[in-house]
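FYI, side chains are in, hydrogens and waters are out, and symmetry mates aren't considered; it's all heavy atoms of this structure.
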Amino acid sequence: MRSFIHAKKWAVPAIALMSLQLSGTTAQAQSYDPKFNVEAQSFADLQVLRYQVPGFNELSLQQKKLSYYLYEAALCGRDIIYDQKSKHGILLRKTIETMYGTYKGDKKSAEWKKFEDYCGRVWFSNGNHHHYSNDKFIPECSFEYFSTVATHCDESALPKEKGEGTVAFLNRIKPIVYDMTFEPKVVDLRPDVDNIANSSNNFYEGVSQKEVEAFYDKFDTKGNAPSWGLNSKLEKKDGTITEHTWKSGGMYGPAIDKIIFWLEKAITVSENKTQKHSLELLVKFYKTGDLKIWDDYNVAWVGDVNSRIDVVNGFIEVYLDAIGKKASYESTVSLRDMEETKRLEAIAKEAQWFEDNSPIMAQHKKKNVKGITAKAITVIVECGDAAPSTPIGINLPNAEWIRKEHGSKSVSLSNIIHSYNIASAKSGMLEEFATNEEVRKRMQQYGALASDLHTDMHECIGHASGQINPGVETTDKTLKNYASCLEEARADLVGLYYVNDKKLVDIGVMPNMDVAKAAYDNYMMNGLMTQLTRLKPGDQIEEAHMRNRALIAHWAFEKGSKDNVVQFIKRDGKTYVQVNDYNKLRTIFGDLLREIQRIKSEGDYNAGKDLVENYGVKVDPVLHKEILERFAKLGIKPYRGFIQPKLVAKYSEVYMSDGYTKDEIKDVDVEYPDNFYQQMLEYGKKYSYLPVVN
Ligand SMILES: [Zn+2]
C-alpha cells in the first residue's frame, strides 16, 4: 500500500507549502545541495521535478555496486507496466518514441508543441490513460498532423507489422490514439457495471467479472493463502479460461530474464545473509512464478531490517485492477535516511499502545501488533508503477497474513518529499486558500511536520492496525471495488485520530498540539475543496485515495454540522473551510474509524458501498468551478512526477590481447538528468525487452 503526497492531507502538492527551515534542520538535509534546481519540464496538467540522492557518495563501493545492480534490475521491467496498462501500450510508446526522437520537420510550430505534450503525457502516465483519473486522453494535434510526423521520421523504426506500409499502420493505430470510445478507462470502478469488462487494462481478456470471481473462488483464501492471481493475466479463448503467468519463460519472460540477470549480480554483493536470502527468493519467484515463493520472499524481505540499501521489486500494488487482484510491476531502490528514521522508530515503538488505545471495537484490535519496521528512505531510482508519479510513503508487503504474523515495513520517501517541499513553498496556495491569518501561519510553521507525521502514522500504524474476524475472507473478496478506498480511509483516520493525541508530544516527535490543528485544517480544506482541482468539470471522483479523503471530510462535516464543528465560509465570492472545534473533530474521526474497521472486519460490503457512494464520489459543480478558477489563476499544476537520477558505473580496464576491456566496477556515479523527454527516449532505447504483443 502506498500513500501519495496528493493521497494525503496535502492532496494538492502545492498545498504542502511547508516551511523549509524544518527539513533544513536535520543533519541529513545538510547534504542536499541548496543550489539544485528541482523544477524541470511542465506540460498539460503535469509538472516534472527532480530529486537528489544525498548520502549516495558516502556509500561503500560494495553498497554502490549493489545499488547499481538493483537500479538496472528496476529499469529492465519498465516495458511491463506499459503492457499491463494496455495491450497496445508498448506499440503506442514505440510509435511516439520513433516519431518524437527522429522527426526531421519544424519543431517550433504550435502543432509540434501539442504533439510533444501528448508524448510527455503518455510517458508520464505509462500509457494513454491519465495516471490519476484513469481516463483516456488523446493528442490535441490533428490526426493529419500526427500522420505528417509519422511520415517524416525514421519510418523503418515504427513498430509496423511485416510488410505493412506507414499509411496502413497509421490507420490501424488511429483508434488506439484518437478514439475516446476505444478503451476509455483503464480502471472502471462504477457500481453495478462489470468492472472487469469495462476496465481496459491488460489483466483480463474475454472474461466477465463473474467468470473471474468464479475462477478464483476455487482457490482457498483463508488463513495463510497466497494472493492468488497476483502475477498473471486471465484470458478466455475458445471457451477455455487460462492464466498466463508473468515469469521467466512465461508472459513478460524476456524482461523478467533481464531483471533476474541483474538481481543475480546484486546477490553477489549483498550486505548480509538476510538480504542475500531474500534476493535469492525473489529470483526464484521470477523464475517459477510460484506465489508461495513470493510469500516466502516477502517474509524474508520484512525480516531484512539492517541493510542500508533496500529494494522493492515485483508485482506489488493492485490499484490498477478494479477488483484488486492483479498487481502492477514496480521497483524502488533506496538507501536508509538515518536521521529521519529516528522519528519513525519513535512512533513504531508505540504500535501496541496505539492499537490498545484506538477507538475501534475491542474484538477488532490486534492483541500483538507485530514489529512494524519504519524507516525513512532516500530514493535512488523508481520505475514501473512507481514512476514518474511517485508515492511518498510505502507500506509493504500487502498480504494480510504476513502483516499479521511477520509485520510490515513502512517507509517514507524523504528526498522526494524534500523536492515537493521546495517546489511548493512559493506557490501562493496557502495565501489563496487558508481561511485566516492564524491558520495560514500555523500551516506555514507546522505544515511539513504535520504532513510527515500523518504519513508516518498512516503507514506504520494505520495499515498495520486492526484485524479481520475469524472466517471472514480478505477484502478483495468482501469489499471488492471499494476495498482500496476503504483501506486508505482507515489508515488516514488512524493518522488523523492520533496526530491530535498528546502521546505524540510525550514521545518527542511533535513540539505541541498546534501541529494537529495544522493537520486538521489541511485535511478538511483538501477533502472538501482543494483536491477538486484534479478533476475535469462534470467528473465524479474515481481514484481510491481521492475518494477516501472526500469520504472522510464530507462524513465529518455532516456529523459535526449540528455543533458547527467545521463550516464553509464565503468571503468576496470565495469559499473557505474553517475548523471550529478540533477536539470534537477528533472524536468524529474516531467514530468513522470504528465504523470502517467494523466494515473491514466483518466484510460488510453494503455498508462500505454506502459510505463511499454517499460521501466519496459526488462533486458540487459550483464549488468545483470556483476551485478550478482559483487554481488556474495561481498557475499551479495539479500533478507532479520525477525525472530519475542516473547511475553510471565506472569500470577499471584490463589489457587483453585484443585491447582494453571492461573489468571490475571501481566506482558508481550519480548523475541528475534535467530533461524528461530525453530520459524517456533513453529508457526506450536501453530498456526495451518486450515485443509489442505479449
Ligand atoms: Zn495507504
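With respect to K477 and D217, a salt bridge is recorded, a charged nitrogen being found less than 4.0 Å from a carboxylate O. Of the charged side-chain nitrogens involved, at least one lies within less than 4.0 Å of a carboxylate oxygen, so that D669 and K650 count as a salt-bridged pair. Salt bridge present: E487 and R490 bring a charged side-chain N and a carboxylate O closer than 4.0 Å. Remark: R93 engages E97 in a salt bridge, criterion side-chain N to carboxylate O under 4.0 Å. Between R308 and E58 there is no salt bridge, since no side-chain N of the basic residue sits under 4.0 Å from a carboxylate O of the acidic one. Between K265 and E72 there is no salt bridge, since no side-chain N of the basic residue sits under 4.0 Å from a carboxylate O of the acidic one. Between K65 and E664 there is a salt bridge, with a side-chain nitrogen of the basic residue lying less than 4.0 Å from a carboxylate oxygen of the acidic one.
For N298 (side chain) and W294 (main-chain N/O), a donor-acceptor pair under 3.5 Å exists by modelled atom type. Here the side chain of Y252 pairs no donor or acceptor atom with the backbone of D79 at under 3.5 angstrom. Distance alone, capped at 3.5 Å, is enough to place a donor-acceptor pair between the T341 side chain and the A376 backbone. Looking only at distances, a side-chain donor or acceptor of K326 sits under 3.5 Å from a matching main-chain atom of G229. Remark: the backbone N or O of R50 is paired with a side-chain donor or acceptor of S419 at under 3.5 angstrom. A donor-acceptor pair is defined here as one N or O able to donate and one able to accept, closer than 3.5 Å; no such pair exists between the side chain of E671 and the backbone of V648.
In terms of heavy atoms, P159 sits closest to V692 at CB-CG1, 3.9 Å. A pairwise comparison of heavy atoms in P226 and D295 identifies CA-OD2, 3.3 Å as the closest pair. Annotation for N395 and S408: closest pair OD1-OG, 3.2 Å, computed over non-hydrogen atoms. The two residues S328 and I81 make their nearest non-hydrogen contact at CB-CD1, 3.6 Å. Across all their heavy atoms, R336 and S307 have their closest contact at NH2-O, 3.6 Å. Summarising the geometry of A74 relative to V381, their closest heavy-atom pair is CB-CG1, 4.2 Å, with the distance given to 0.1 Å.
Remark: K218 NZ is packed, more than 12 non-hydrogen atoms of other residues, nucleotides or ligands lying under 6.0 Å away. Atom NZ of K366 has more than 12 heavy atoms from other residues, nucleotides or ligands within 6.0 Å.
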Taking it one step at a time, do L681 and Y100 satisfy side chain to side chain contact (heavy atoms under 4.5 Å, CB included)?
CA-CA 9 Å; L681 288 179; Y100 185 80; 3.8 Å; yes
Mind running side chain to side chain contact (heavy atoms under 4.5 Å, CB included) on N398 and S227 for me, showing each step along the way?
CA-CA 9 Å; N398 282 328; S227 310; over 6 Å; no
Determine, stepwise, if the pair V283 / E280 fulfils side chain to side chain contact (heavy atoms under 4.5 Å, CB included).
CA-CA 5 Å; V283 167; E280 282 167 350; 5.7 Å; no
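Taking the six-membered ring where tryptophan is involved, the planes of H131 and Y639 are perpendicular, since the angle between them exceeds 60° and thus also 30°. Between F676 and W123, the two ring planes are perpendicular [angle over 60°; tilted spans 30° to 60°]. Below 30°, between 30° and 60°, or above 60°: for Y68 and W262 the angle between ring planes is above 60°, a perpendicular geometry. Ring geometry for W401 against H406 counts as perpendicular: the plane angle is over 60°, on a 0 to 90° scale with 30° as the lower cut. Using bins of under 30°, 30° to 60° and over 60° for the plane-to-plane angle, the ring pair Y687/Y683 lands in the perpendicular bin.
For the atom pair CD1 of I293 and OG1 of T288, the computed distance is 3.5 Å after rounding to the nearest 0.5 Å. For the atom pair CD1 (I260) and SG (C76), the distance works out to 11.0 Å, reported to the nearest 0.5 Å. In this structure, CD in Q52 is found 6.0 Å from NE2 in H418, a value given to the nearest 0.5 Å. Between the CD1 atom of I96 and the NZ atom of K94 there is a distance of 12.0 Å, given to the nearest 0.5 Å. Note that OG of S67 and CZ of F56 are 4.5 Å apart. Values are rounded to the nearest 0.5 Å.
With sequence neighbours excluded, no residue forms a side-chain hydrogen bond (donor to acceptor under 3.5 Å, both in side chains) with E345. Among residues two or more places apart in sequence or in another chain, the side-chain contact (heavy atoms from CB on, under 4.5 Å) test is passed with K349 by none.
Of the candidates P391, S334, S389, P391 is the only one forming a side chain to side chain contact (heavy atoms under 4.5 Å, CB included) with E382.
Listed by first then second residue, pairs satisfying salt bridge (charged side-chain N to carboxylate O under 4.0 Å, His left out) with a partner in residues 309-318 read D310-K375, D310-K409, not counting sequence neighbours.
Ring centroid separation for the pair F642 and Y51 comes in under the 6.0 Å cut-off.
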